[in-house]
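Remember, it's a predicted structure, so these values are computed and weren't measured experimentally. Computed over heavy atoms, backbone and side chain alike; hydrogens, waters and symmetry mates excluded.
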Amino acid sequence: MKETDREAVATAVQRVAGMLQRPDQLDKVEQYRRREARKKASVEARLKAAIQSQLDGVRTGLSQLHSALSDVKDIQRSLADVSKDWRQSINTVESLKAVKDAVVRHSQLAAAVENLKNIFSVPEIVRETQDLIEQGALLQAHRKLMDLECSRDGLMYEQYRMDSGNTRDMTLIHSYFGSTQALSDELAKQLWMVLQRSLVTVRRDPTLLVSVVRIIEREEKIDRRILDRKKQTGFVPPGRPKNWKEKMFAVLDRTVTTRIEGTQADTRESDRMWLVRHLEIIRKCVLDDLLVARSLMVQCFPPRYQIFRSLLNVYHQAVSTRMQELAAEDLEANEIVSLLTWVLNTYTSAEMMGNAELAPDVDVGVLEPLLSPDVVAELLDTYMSTLTSNIIAWLRKALETDKKDWVKETEPEADQDGYYQTTLPAIVFQMFEQNLQVAAQISEDLKTKVLVLCLQQMNSFLSRYREEAQLYKEEHLRKRQHPHCYVQYMIALINNCWTLRESIVSLKRKYLQHDTDEGVSLSQPSMDWLLDAIAEEGCSSLLEEVFLDLEQHLNELMTKKWLLGSNAVDIICVTVEDYFNDFAKIKKPYRKRMIAEAHRRVVQEYLRAVLQKRISFRNAEERKEGAERMGREAEQLRFLFHKLAAGFGEEMDGHCDTIVAVAEVIKLTDPSLLYLEVSTLVSKYPDIRDEHIGALLAVRGDASRDMKQTIIESLEQGPAQASPDYVPIFKDIVVPSLNVAKLLK
């Protein structure tokens with residue numbers, strides 16, 4: 001308190017000092033004193049009033065608490081009395097159980113008596129109801145159906161009350177009235193048929209539509225009554241609630257949706273203006289139906305159904321769904337324009353929803369957009385994405401169709417030059433042409449994008465094409481007799497690669513003004529590489545066929561049988577020539593490479609036979625005879641491949657000279673010149689290895705171990721350098737013995 005007093009004095013001093021800062025203010029001291037006195041009195045009065053208000057509130061609260069305490073004590077006494085009375089009445093309730101059972105039994109018997117006539121006449125009522133349904137007297141049929149259901153439900157309810165767990169009796173009643181549910185379903189079917197044709201029915205026979213609505217109203221009332229009873233008893237008759245009103249709107253919804261979907265009379269293939277016609281049919285259909293609904297149907301339904309508002313929403317949703325479906329389709333540029341014009345302008349114009357006759361009930365300003373802004377903005381982008389999916393599907397289908405041709409028993413077709421081919425390139429590039437022609441009508445930019453897309457998908461397609469060709473080859477190798485025309489279709493696959501290459505170049509020349517687009521420029525080398533790879537693998541597959549047939553005869557080379565006189569090379573030449581007569585159906589660029597590869601492989605297999613040490617000559621006479629035979633056979637092979645390559649105007653590589661060079665090493669009679677001869681061989685063929693030289697010297701049969709080692713060690717000191725255009729021939733030849741030291745022995 002002292003601290004507070006000091007603060008108050010200090011504040012007062014400060015306040016007085018503020019008032020008396022000038023000498024002339026001393027005359028007003030009395031005035032200041034009176035003013036401060038008034039303020040003090042006012043504050044004290046307010047403080048007293050606040051304290052008095054608080055005291056009054058506390059007094060009132062205490063009074064209410066005393067009153068509540070008294071009420072609680074009264075309630076406690078009343079509850080004690082109720083508990084006492086309840087305990088005393090338990091015995092009385094138990095004694096009334098027999099009365100309760102009698103009441104239930106009486107109620108059941110009363111229900112049975114009340115429905116006795118209906119129970120015995122159920123079959124007759126069922127037949128009459130069925131006849132009425134077939135005659136179209138729906139109201140009378142429904143009345144009889146209600147009688148049947150009422151009898152059934154009453155009996156089942158009484159049984160439920162007496163013994164809810166007795167399913168046997170419940171099942172018996174349900175089975176006796178089993179036809180009731182079938183009649184209900186049949187009647188519902190007739191109602192839905194009327195509703196599906198409601199727009200026609202309301203013009204010809206509105207009474208029929210009114211009858212349908214009345215039946216639905218009756219069923220709705222019965223549903224509500226049964227649901228209310230369920231809350232009290234828990235019993236629900238079979239087939240309830242029927243919810244026919246809800247189903248009615250569902251039928252109308254499906255009917256409108258089907259009607260909108262069925263307005264497409266044409267397709268793009270049959271009519272280029274199919275979308276314009278489709279949209280115009282939708283406009284007339286929706287406008288006519290809504291006008292009929294507003295003028296006639298509203299008179300057949302209770303106002304609370306708001307049938308016109310419901311139909312308006314259903315039609316709007318159905319049209320919106322259809323527009324979304326159209327927007328998701330592969331629309332052409334002019335179709336996209338037609339669609340957006342219709343959605344954004346025609347739909348809300350006086351020609352449709354803005355029609356004067358609909359105006360009082362239709363506010364176009366509150367209708368939801370048929371297409372969202374994002375869909376409208378991205379519709380052109382959809383064109384590209386849809387086109388991508390279609391191209392992928394078309395290419396996949398084209399490949400599947402082509403694969404089916406590969407296993408046919410008949411040879412593939414040939415082009416005007418006699419080269420085998422399949423329909424794949426024509427199908428693929430016809431599809432590309434069609435899409436590029438459409439894109440060219442829109443803009444140069446879109447045309448370029450479509451071309452880039454086609455080339456990109458072509459790149460992916462070629463990878464799949466390559467995989468399928470490889471699987472085709474593997475399947476054939478497992479069973480060489482199948483497919484019957486394997487060689488011919490593999491030739492067609494190879495030729496397809498050249499056709500595809502030419503078609504790609506033609507496509508770019510036709511549809512690309514400036515080859516500066518990054519996607520186009522990057523895709524070409526990749527596709528060229530893939531096409532070459534597919535063709536080369538195809539050629540290799542065909543050569544594998546050749547060498548599988550040559551394997552037996554190649555194994556005869558450089559054996560005792562060969563030395564004594566074998567026609568293995570003759571057979572090899574005849575077989576190769578026969579195969580290449582079939583390979584004449586391969587287009588020249590690939591056939592030329594194939595001949596060169598066959599030439600190299602045959603010579604390589606010949607050299608492998610030499611280096612596998614199948615024979616070791618015993619004397620100079622045998623070496624001379626073997627070398628001369630090798631020379632003759634080299635000439636045979638040279639003549640064969642020269643003949644095969646005659647149509648290309650170029651000399652074939654001198655692979656056969658390798659056989660002659662090896663034969664010279666074998667034929668050499670002076671061992672002292674052996675090092676020089678081998679050095680010459682190594683300088684001409686830099687890929688020859690130590691084990692090759694060791695094997696070759698072993699075939700001679702007269703080189704000592706020291707001589708072999710000296711020659712190999714001398715050659716290792718100065719390995720020859722291969723020229724850039726040298727084609728390795730010894731590189732892939734593996735000598736059976738990998739240990740050079742063993743060869744030296």
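- Contacts classified as salt bridge (charged side-chain N to carboxylate O under 4.0 Å, His left out) and involving residues 571-582 (residues at least two apart or in different chains) are given here: Glu577-Lys643.
- Each ring-ring contact (aromatic ring centres under 6.0 Å, His included) pair with one or both residues in residues 395-420, not counting sequence neighbours, appears once here: Trp406-Tyr472.
- Screening residues 542-556 for salt bridge (charged side-chain N to carboxylate O under 4.0 Å, His left out), with sequence neighbours left out, gives Lys473-Glu544, Arg480-Glu545, Arg480-Asp549, Glu556-Lys561.
- Tyr606 is linked by a ring pair (Phe, Tyr, Trp, His ring centres under 6.0 Å) to nothing, counting only residues two or more places apart in sequence or in another chain.
- Shown here are the salt bridge (Lys or Arg N to Asp or Glu O under 4.0 Å) partners of Glu677, two or more places apart in sequence or in another chain: there are none.
- No donor-acceptor contact under 3.5 angstrom links the side chains of Asp402 and Thr423, judged on distance only.
- A 4.5 Å side-chain heavy-atom check between Val603 and Arg638 finds every atom pair outside the cut-off.
- The side-chain contact (heavy atoms from CB on, under 4.5 Å) check on Glu474 picks up Gln470, Leu471, Arg478, with sequence neighbours excluded.
- The shortest distance between side-chain heavy atoms of Val407 and Tyr489 does not fall below 4.5 Å.
- Ring pair Tyr579/Phe583 is tilted by interplanar angle, where 30° to 60° counts as tilted.
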Stepwise salt bridge (charged side-chain N to carboxylate O under 4.0 Å, His left out) check, Lys403 with Glu400:
CA-CA 5 Å; Lys403 283 167 57 182; Glu400 291 299 322; 3.5 Å; yes

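- Panel note: side chain His692, backbone Ile733; a donor-acceptor pair is recorded below 3.5 Å.
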